[in-house]
Amino acid sequence: MKKNEKIILTIEDIGVNGEGIGKAFGYTLFVKNAIIGDTVEAVVTKAKKNYGYAKMLNILEASPYRVPAQCPVARQCGGCQIQELSYEAQLSFKTKKVRGNLERIGGFSSQLLDEIMEPICDMKEPFYYRNKAQFPIGTDREGNIVTGFYAGRTHQIIPNTECALGVLANREILECIVDFMNAYGITAYDEETQAGLVRHVLIRYGFKTKEIMVCLVINGDNIPHADKLVDKLAKIEGMTSITYSVNRENTNVIMGKDIGVLWGQGYITDYIGDVKYQISPLSFFQVNPIQTEKLYGLALEYAGLTGEETVWDLYCGIGTISLFLAQRAKKVYGVEIVPQAIEDARNNAKINGIENVEFFVGKAEEVLQEQYEKNQVYADVIVVDPPRKGCDETLLQTMVQMEPQKIVYVSCDSATLARDLKILCENGYELTKVRPVDQFPMTVHVETVALLCRKDQK
Ligand code: SAH
């Protein structure tokens with residue numbers, strides 16, 4: 001296969017970045033925007049020894065799973081990858097992905113998975129679910145101020161104020177800001193020259209409280225005529241917090257380090273279940289609150305708490321799972337590496353009057369081992385929610401030594417989940433339940449919750 005060669009192929013799978021995967025003469029090709037079931041004409045853009053990349057030219061026979069994209073810019077935008085795949089087909093792809101990894105990497109039998117795997121937890125309305133959006137502000141070739149999303153893997157702005165994953169209020173807020181910038185000659189930041197003022201707009205929305213936060217990230221100390229902007233923004237229903245963050249660095253990091261309040265409070269409030277959270281522009285907060293509630297509800301259900309248990313919540317972030325579990329446990333210990341997240345976690349415990357939680361800053365693998373060796377800490381249940389790379393092996397060892405009755409594993413990468421479950425199951429545990437959760441519809445990502453029980457204590 002050579003570059004510029006034209007081929008016809010049928011798409012059979014979806015790659016990690018959402019691209020279609022098919023074969024032509026036994027040679028594997030990755031084709032962007034082609035979906036499972038499509039037969040397409042494509043041109044090879046890059047040919048490696050065993051695989052290559054191709055650009056779709058025509059759809060010769062459309063997949064039965066193909067649907068029109070909700071967003072006019074779905075193909076260019078880097079945010080969604082599989083908007084043109086029907087939601088049903090997305091769910092079955094995600095289920096297969098989790099199951100495939102558990103079989104191949106985890107070594108779990110198909111028969112066992114038939115018995116214990118629960119159907120993927122879906123969304124009734126798989127759009128408009130994100131409570132957070134960060135819009136870059138820039139200038140187009142004609143000199144107009146534009147805002148939207150970066151095209152996949154670039155910093156070219158695709159103008160779009162109506163993202164189908166974001167909340168509807170985004171549009172009005174962005175229009176307000178662009179109008180203000182035009183009216184007062186406020187410039188947009190230019191990454192190449194590092195000149196210009198406004199870099200990004202962060203918008204957050206509390207799904208339960210309907211509170212809105214706007215934070216402008218600026219390359220300067222202040223926003224001239226900010227009072228005029230505030231006048232307009234404050235009139236938007238639900239507006240609770242208008243802030244700015246100074247970021248003068250030449251960096252891909254969006255937010256600056258500090259926040260200045262222009263109007264209202266420096267945070268918004270929202271709920272997951274009955275637990276209240278204060279969310280500042282710099283706080284981490286799950287972006288899909290509807291599915292997060294289901295995900296953590298599932299973790300709680302799997303933990304099977306009666307009120308008597310001691311629970312460790314490792315990789316606890318701002319303590320979302322810890323506080324959820326604390327309502328049904330005797331004591332919860334949370335461990336997280338980012339100190340600000342733990343500050344948020346402690347504050348969230350306080351504003352909810354939850355007193356049976358204690359948080360540690362540090363690496364889960366180090367804190368747990370130290371606490372176990374020095375203080376002989378105990379756990380009935382250990383919950384882990386690690387980043388994509390999964391759990392550190394020494395952590396798995398400590399967990400095995402501690403012999404909790406149950407381990408609840410919340411995962412955002414089913415490959416590392418399968419790897420870690422295999423180790424735990426070789427060391428006294430049994431996989432008893434698994435459920436994928438569709439936390440990010442229209443993207444290739446899938447979350448999974450798994451329950452492990454100690455074989456000798458069942
Ligand atoms: N359950 C959390 C989110 C977990 S995301 C919540 O709902 O808020 C994974 C978290 O693990 C992140 O907060 C990340 O900062 C943290 N982390 C990464 N490596 C870690 C480590 N070695 N030890 C402890 N925490 C870690």
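Counting starts at 1 for both ligands and their atoms, following the listed order. Quick note: numbers below take in every heavy atom, side chains included, and nothing from hydrogens, waters or symmetry partners.
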I'd like to know if the side chain of Y87 pairs up with that of D122 as donor and acceptor (distance under 3.5 Å, no hydrogens or angles considered). no
Show every donor-acceptor pair shorter than 3.5 Å between a side-chain atom in residues 309-317 and any protein atom, with sequence neighbours excluded, or say none if there are none.
from	atom 1	to	atom 2	distance (Å)
E309	OE1	T306	N	2.9
E309	OE1	T306	OG1	3.4
E309	OE1	G307	N	3.1
E309	OE2	T306	N	3.1
E309	OE2	T306	OG1	3.0
W312	NE1	Y378	O	3.3
D313	OD2	S322	N	2.9
D313	OD2	S322	OG	2.5

Does E84 pair with R75 as a salt bridge, N-O distance under 4.0 Å? yes
Of the protein's non-hydrogen atoms, which lies at the shortest distance from [atom], and what is that distance?
| atom | answer |
| --- | --- |
| atom 18 (C) of ligand 1 | P387 CG, 3.6 Å |
| atom 25 (N) of ligand 1 | I337 N, 3.3 Å |
| atom 7 (O) of ligand 1 | Y296 OH, 2.5 Å |
| atom 22 (N) of ligand 1 | E365 OE1, 3.2 Å |
| atom 21 (C) of ligand 1 | Y315 CE2, 3.6 Å |
| atom 15 (O) of ligand 1 | E336 OE2, 2.7 Å |

Please identify which atoms of ligand 1 are closer than 4.0 Å to at least one heavy atom of [X].
| X | result |
| --- | --- |
| Q286 | 6 (C), 7 (O) |
| D385 | 1 (N), 2 (C), 3 (C), 4 (C), 5 (S), 9 (C) |
| I318 | 8 (O) |
| A364 | 21 (C), 23 (N), 24 (C) |
| K363 | 23 (N) |
| V338 | 15 (O) |
| T320 | 6 (C), 7 (O), 8 (O) |
| G362 | 23 (N), 24 (C) |

Please verify the inter-ring angle class for H155 with Y150; under 30° counts as parallel, over 60° as perpendicular, anything in between as tilted. parallel
Just to be sure I read this right, does ligand 1 sit under 4.0 Å from the backbone of C316, its side chain, both, or neither, counting only heavy atoms? backbone
Counting heavy atoms under 4.0 Å, the part of F284 that contacts ligand 1 is side chain
For Q291, which of E447, M123, Q286 qualifies under side chain to side chain contact (heavy atoms under 4.5 Å, CB included)? M123
Let me know which of I173, N160, L174 forms a side chain to side chain contact (heavy atoms under 4.5 Å, CB included) with F135. L174
Can you tell me how far apart CD (Q405) and CZ (R454) are? Round to the nearest 0.5 Å. 9.5 Å
Look at ligand 1 and say whether F285 reaches it with a heavy atom at a distance under 4.0 Å. no
So, applying ring pair (Phe, Tyr, Trp, His ring centres under 6.0 Å) with Y277, which one of F324, Y267, Y271, F285 is it? F285
Could you check whether any side-chain heavy atom of Q439 comes within less than 4.5 Å of a side-chain heavy atom of H445, counting everything from C-beta outward? no
Kindly indicate whether a cation-pi arrangement holds for R346 with F359, taking the cut-offs as under 6.0 Å to the six-membered ring centre and within 45° of the axis. no
Just jot down the salt bridge (charged side-chain N to carboxylate O under 4.0 Å, His left out) partners of K208, sequence neighbours excluded, or say none. E293
